[in-house]
Amino acid sequence: MLSEPQAKYLAHWLTRSLPSDNLGKLTASLQDAQVDLTPHQIDAALFAFKSPLSKGAILADEVGLGKTIEAGIILSQFWAEHRRHLLIIAPANLRKQWAAELQEKFYLPSRILESKIFNGYIKQGNLNPFNCEEIVICSYQFAELGAPKKALIFTESRQTQDFLFELLEKRGYKGKVVLFNGSNSDKLSTYIYKAWKEKYKGTTKVTGSATADKRAALVDYFREEATIMIATEATAEGINLQFCSLVVNYDMPWNPQRIDIITFPEIEDEEESEDSDLNGAENLFNDEEPNLFNQ
């Protein structure tokens, strides 16, 4: 049984503030962790805490060097500081693995949220299941449910671009597809540009450069009206399309070294086998189901 002075000292020691590059910052949070830490993992965690004004850090070590452990160290420290709004967004087939790693190696509680579980909490009267005393784990797909339905398709050639435009127009997206390429001279792009110039006539948004203004007009149209933009990759460089919720690289790049990883749409039902994560990847433009976002 701790005396009152001992309890106060222990509470102070566990919650004390230390410089971000001080190893003691992590001592309390990792004293029970069941992991053999390496120096580079400690350095990575301290780097993540280095600037209190930064909006985050990217842990980008090579495969097998323990990025999950580094993230676990950071989460453990946040937990020790009584931060309870912690969220992990991961591929659907890795959600259980994340929960197991947190529990077995760091003794951190977590809950996996998916549509069925989320709706169950809502029916029970919990209107914000994310607000809990556990680390929340969910899939990319579940995290994007509230995102705007905007798909960006990159192609390598104008011929492929025209093919996809005609295909999608016939498969349920008529009037919802816009092209973006080097010339932007098709009828729809010309119409969009003229309407945009009329709308912003006399404002500083119109620069007087036909090329720059046409690019801005097409991006605005995509953001406000269209659902899908088909763009040639080189032409789309330098424009802000971060409002998209889905990006598709349709063509294989001419240089195979540019291919880092191929990802497939995730299966939300965690009861499905891992092999089923590949189902439907080749049917993005299916005749029977013209909803690109449901795949």
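Positions are given from 1 along the sequence. Values reported hereafter were calculated over all heavy atoms of this structure, with side chains retained and with hydrogens, waters and symmetry mates removed.
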Item to check | Inter-residue atom distance K214.NZ - K197.NZ, 0.5 Å rounding | outcome: 8.5 Å
Next on the checklist: Determine whether a donor-acceptor pair (N or O, by modelled atom type, separation under 3.5 Å) exists between the side chain of D213 and the backbone of T207.
Outcome noted: yes
Checklist outcome for this item: Correct closest heavy-atom pair for F106 and I69 would be CZ-O, 3.8 Å
Checklist entry - Would I88 and L102 count as a side-chain contact (heavy atoms from CB on, under 4.5 Å) if you check the C-alpha gap in whole Å, the side-chain angles of each, and the deciding distance to 0.1 Å? => result CA-CA 11 Å; I88 296 174; L102 293 178; 3.7 Å; yes
Next on the checklist: Holding to side-chain contact (heavy atoms from CB on, under 4.5 Å), I want the full list of residues that pass it with E166, two or more places apart in sequence or in another chain.
Outcome noted: none
Next on the checklist: Are S110 and W98 packed together at the side-chain level, in the sense that at least one heavy-atom pair is separated by less than 4.5 angstrom?
Outcome noted: no
Next on the checklist: Taking the basic N atoms (NZ, or NE/NH1/NH2) and the acidic carboxylate oxygens, is any pair closer than 4.0 Å for E4 and K8?
Outcome noted: yes
Next on the checklist: Using 30° and 60° as the class boundaries, would you call the ring planes of Y193 and W196 parallel, tilted or perpendicular?
Outcome noted: parallel
Item to check | Heavy-atom side-chain contact between L218 and S189 under 4.5 Å | outcome: yes
Item to check | Salt bridge E114-R95, side-chain N to carboxylate O under 4.0 Å | outcome: yes
Next on the checklist: Nearest 0.5 angstrom please: L75 CG to L87 CG, how far?
Outcome noted: 10.0 Å
Checklist outcome for this item: CG (D220) and CD1 (I192) are apart, to the nearest 0.5 Å, by 10.5 Å
Next on the checklist: Show the nearest heavy-atom pair for residues I73 and A45, with the distance to one decimal.
Outcome noted: CG2-CB, 3.5 Å
Checklist entry - Between K105 and D36, is the closest basic N to carboxylate O distance under 4.0 Å? => result no
Item to check | salt_bridge(E81, R83) N-O dist < 4.0 Å | outcome: yes
Next on the checklist: I'd like to know if the side chain of N126 reaches the main chain of I122, judged simply by a donor and an acceptor atom lying under 3.5 Å from each other, with no hydrogens or angles considered.
Outcome noted: no
Next on the checklist: Contact between V247 and F154 at the side-chain level, heavy atoms closer than 4.5 Å - yes or no?
Outcome noted: yes
Checklist outcome for this item: Closest heavy-atom pair, E101 versus T68, reported as atoms and distance to 0.1 Å, is OE1-CG2, 4.2 Å
Next on the checklist: Can you confirm whether Q41 sits close enough to K67 that some side-chain heavy atom of one is under 4.5 Å from a side-chain heavy atom of the other?
Outcome noted: no
Item to check | Minimum heavy-atom distance between V177 and L188, given as atom pair plus value | outcome: O-CD2, 3.3 Å
Next on the checklist: Are V206 and V219 linked, directly or through intermediate hydrophobic residues, by side-chain heavy-atom contacts shorter than 4.5 Å (ILVMFWY only)?
Outcome noted: no
Checklist entry - CD1 of I153 to OH of Y250: how many Å apart, nearest 0.5 Å? => result 8.5 Å
Checklist entry - Does the side chain of L246 come within less than 4.5 Å of L152's, by heavy atoms? => result no
Next on the checklist: With a 4.5 Å cut-off on side-chain heavy atoms, are R111 and Y121 touching?
Outcome noted: yes
Checklist outcome for this item: Those residues at least two apart in sequence (or on a different chain) that pass ring pair (Phe, Tyr, Trp, His ring centres under 6.0 Å) with F243 are F222
Next on the checklist: One pair to check against side chain to side chain donor-acceptor pair (under 3.5 Å): T232 and N181. What are the steps and the verdict?
Outcome noted: CA-CA 5 Å; T232 52; N181 51 55; over 6 Å; no
Checklist entry - When rounded to the nearest 0.5 angstrom, what distance separates CZ in R158 from CG in L179? => result 7.5 Å
Checklist entry - Under a 4.5 Å side-chain heavy-atom rule over Ile, Leu, Val, Met, Phe, Trp and Tyr, are Y191 and Y200 clustered together? => result no
Next on the checklist: Restricting to salt bridge (Lys or Arg N to Asp or Glu O under 4.0 Å), what partner residues turn up for K199, sequence neighbours left out?
Outcome noted: E224
Item to check | Where F180 and Q161 come nearest, the two heavy atoms and their spacing | outcome: O-NE2, 3.1 Å
Item to check | H40 side chain vs L65 backbone, donor-acceptor pair below 3.5 Å | outcome: yes
Item to check | Closest non-hydrogen atom pair, A143 against I89 | outcome: CB-CD1, 3.8 Å
Item to check | Stepwise side-chain contact (heavy atoms from CB on, under 4.5 Å) check, L168 with I230 | outcome: CA-CA 10 Å; L168 290 167; I230 308 173; 4.0 Å; yes
Next on the checklist: Check whether T190 reaches the backbone of D186 with its side chain - one donor and one acceptor, N or O, closer than 3.5 Å.
Outcome noted: yes
Next on the checklist: Quick one, I42 with L46, criterion side-chain contact (heavy atoms from CB on, under 4.5 Å). Give me CA distance, side-chain angles, the key distance, then yes/no.
Outcome noted: CA-CA 6 Å; I42 296 294; L46 292 175; 4.0 Å; yes
Item to check | Any donor-acceptor N/O pair, R84 side chain to W79 backbone, under 3.5 Å | outcome: yes
Checklist outcome for this item: To the nearest 0.5 Å, atom NZ of K149 lies from atom CD1 of I228 at 11.5 Å
Checklist entry - Looking at side-chain heavy atoms only, is the closest gap between L108 and S76 below 4.5 Å? => result yes
Next on the checklist: Are there over 12 heavy-atom neighbours, none belonging to K194, within less than 6.0 Å of that residue's NZ?
Outcome noted: no
